[in-house]
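The structure under discussion appears below in the form of structure tokens.
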2 protein chains.
Amino acid sequence: MGATKTDLFTQQQNEIAAMAKALAHPARIAILQYLVKKNACVCGDLVDELGLAQATTSQHLKELKTAGIIQGTIEGVSVCYCINPKVWKQYKELFNAFFKEVDLQQTCC
Amino acid sequence: MGATKTDLFTQQQNEIAAMAKALAHPARIAILQYLVKKNACVCGDLVDELGLAQATTSQHLKELKTAGIIQGTIEGVSVCYCINPKVWKQYKELFNAFFKEVDLQQTCC
DNA sequence: AAAATACATCGTAATATTGCGATATAATAA
DNA sequence: TTATTATATCGCAATATTACGATGTATTTT
């Protein structure tokens with residue numbers, strides 16, 4: 001045991017959970033906020049910005065890249081990262097749909 | 001090592017990450033969707049609904065309760081769970097704010 | 001009071017995540 | 001070609017998560 005039983009759930013449920021997982025670390029939130037703020041893609045700066053080791057920062061970047069929400073392009077000796085607008089929009093819409101107006105004015109029980 | 005270095009990040013960043021973490025498992029997404037759908041709070045049903053062991057289901061419920069997004073009330077021999085509308089709204093607003101319209105039409109790099 | 005029912009919690013095993021130093025890789029600069 | 005620079009990956013240790021059986025607890029039935 002220890003591994004998530006993804007087969008018990010719908011693809012949509014697994015997808016939302018995977019998206020949430022990508023956001024489930026403050027360093028990754030900080031990276032995304034930094035990328036949104038700077039718009040242009042900085043990269044080595046993130047190591048200074050976050051205060052985490054280079055290896056750790058690179059690992060978080062990899063996770064965000066695997067999730068699709070950011071993309072990196074080789075720019076000479078360094079790599080330029082930026083938000084993937086298409087996937088960003090997908091995240092936004094999926095979370096919006098999940099939290100969409102529900103009849104929640106009354107507390108049951 | 002192994003533990004998240006929360007002190008490196010802002011309270012807001014840690015908060016968003018914590019919220020995302022609560023949603024970062026398909027079983028918890030399934031529980032929330034079920035609660036939203038049924039509105040009225042069912043509970044023992046969740047074990048059948050999810051296909052996970054009773055202990056595991058209870059553990060996921062506990063995490064959602066700790067995150068504040070659901071609440072449980074003792075109802076005779078069983079416990080009635082439901083969405084906490086106030087916290088649900090907070091989640092919704094925080095994610096909305098995070099994903100709010102950003103100038104993302106062009107891909108940099 | 002004793003049994004039954006519904007959950008919670010404990011203990012434990014398997015696996016995943018976080019973090020970092022060390023090293024590899026790849027591109028530019030000297 | 002040989003540094004230098006920037007990033008990625010490897011290997012490892014610490015910790016967290018997921019899952020479940022077993023057991024505890026509290027309420028209702030019998």
Side-chain angles (χ1 to χ4, degrees), chain A residues 1-9 13-14 17-31 34-35 40-67 70-82 109, chain B residues 1-9 13-14 17-31 34-35 40-67 70-82 109:
Chain A
M1 310 124 202
T4 297
K5 292 189 155 184
T6 51
D7 53 303
L8 290 178
F9 309 101
Q13 286 164 344
N14 284 312
M19 285 187 175
K21 207 172 200 172
L23 304 180
H25 194 288
R28 295 197 287 274
I29 296 295
I31 289 172
Y34 189 77
L35 287 178
C41 328
V42 203
C43 178
D45 306 323
L46 281 170
V47 177
D48 303 331
E49 183 73 11
L50 298 182
L52 287 170
Q54 185 267 321
T56 310
T57 306
S58 188
Q59 199 174 300
H60 283 300
L61 283 168
K62 192 185 179 187
E63 274 175 81
L64 289 171
K65 211 165 71 178
T66 301
I70 68 170
Q71 57 198 180
T73 335
I74 297 172
E75 195 117 313
V77 78
S78 60
V79 175
C80 172
Y81 281 102
C82 58
C109 316
Chain B
M1 309 124 201
T4 297
K5 291 189 154 185
T6 50
D7 52 305
L8 290 179
F9 309 102
Q13 287 164 344
N14 284 313
M19 284 187 176
K21 206 172 202 173
L23 304 180
H25 194 289
R28 295 197 287 273
I29 297 294
I31 289 171
Y34 189 78
L35 287 179
C41 329
V42 203
C43 179
D45 306 324
L46 281 170
V47 177
D48 303 331
E49 184 73 10
L50 299 182
L52 287 170
Q54 185 265 321
T56 308
T57 305
S58 188
Q59 201 173 297
H60 283 301
L61 283 168
K62 193 187 178 184
E63 274 175 80
L64 289 171
K65 210 165 71 178
T66 300
I70 67 170
Q71 58 197 178
T73 336
I74 298 171
E75 195 117 310
V77 79
S78 60
V79 174
C80 172
Y81 281 102
C82 55
C109 316

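All chains are named by letter (A, B, ...) in the order of the sequence lines, taking the proteins before the strands, and each is independently numbered beginning at 1.
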For this session: Would you mind classifying the nucleic acid contact of E63(A) as base, sugar-phosphate or nothing, using non-hydrogen atoms under 4.0 angstrom?
Result: sugar-phosphate

Problem set entry | Spacing of H60(A) atom NE2 relative to dT9(D) atom P, expressed in whole Å | 15 Å

Seminar exercise, completed: Between CD of Q71(B) and P of dC7(C) the distance, given in whole Å, is 16 Å

For this session: Start with the C-alpha distance between F9(B) and I29(A), add both sets of side-chain angles, then the distance that settles side chain to side chain contact (heavy atoms under 4.5 Å, CB included), and finish with yes or no.
Result: CA-CA 9 Å; F9(B) 309 102; I29(A) 296 295; over 6 Å; no

Problem set entry | Distance, rounded to the nearest Å, where I29(A) contributes CD1 and dT18(C) contributes P | 12 Å

Exercise. Which pair of heavy atoms, one from L61(B) and one from C43(B), lies closest together, and at what distance?
Worked result: CD1-SG, 4.4 Å

Problem set entry | H60(B) and H25(B) aromatic ring geometry - parallel, tilted or perpendicular at 30°/60° bounds | tilted

Exercise. From the list dC20(C), dC20(D), dA16(C), which nucleotide is the closest neighbour of the side chain of K5(B)?
Worked result: dC20(C)

For this session: Could you check how far CG of L64(B) sits from C1' of dA8(C), rounded to whole Å?
Result: 15 Å

Problem set entry | Heavy-atom donor-acceptor pair, R28(A) side chain to K21(A) backbone, under 3.5 Å | yes

Exercise. Starting at the 5' end of DNA chain C and moving along, which residue's nearest nucleotide shows up first, G51(A) or K65(B)?
Worked result: K65(B)

Problem set entry | Candidate nucleotides dT15(C), dT18(D), dA16(D), ranked by approach to the side chain of A3(A) - the nearest | dT15(C)

Exercise. L52(A) CG to dC20(C) P: how many Å, rounded?
Worked result: 6 Å

Between the protein and nucleotides 21-27 of chain C, list every N/O to N/O distance that falls short of 3.5 Å.
none

Exercise. Is any side-chain N or O of K21(B) closer than 4.0 Å to OP1 or OP2 of dT17(C)?
Worked result: no

Exercise. Rounded to the Å, how far apart are D48(A) CG and dT7(D) C1'?
Worked result: 14 Å

For this session: Could you say whether H25(A) or T4(A) is positioned toward the 5' end of DNA chain C, judged by the nucleotide with the nearest heavy atom to each?
Result: T4(A)

For this session: Calculate the interatomic distance between L61(B) atom CG and dA19(D) atom C1'; express it in whole Å.
Result: 14 Å

For this session: Kindly give the heavy-atom pair with the smallest separation between A22(A) and A67(A), and that separation in Å.
Result: CB-CB, 3.7 Å

Problem set entry | Rounded interatomic separation in angstrom, taking OH from Y81(A) and P from dA6(D) | 15 Å

Problem set entry | Phosphate OP1/OP2 of dA6(D) contacted by S78(A) side-chain N/O (<4.0 Å) | no

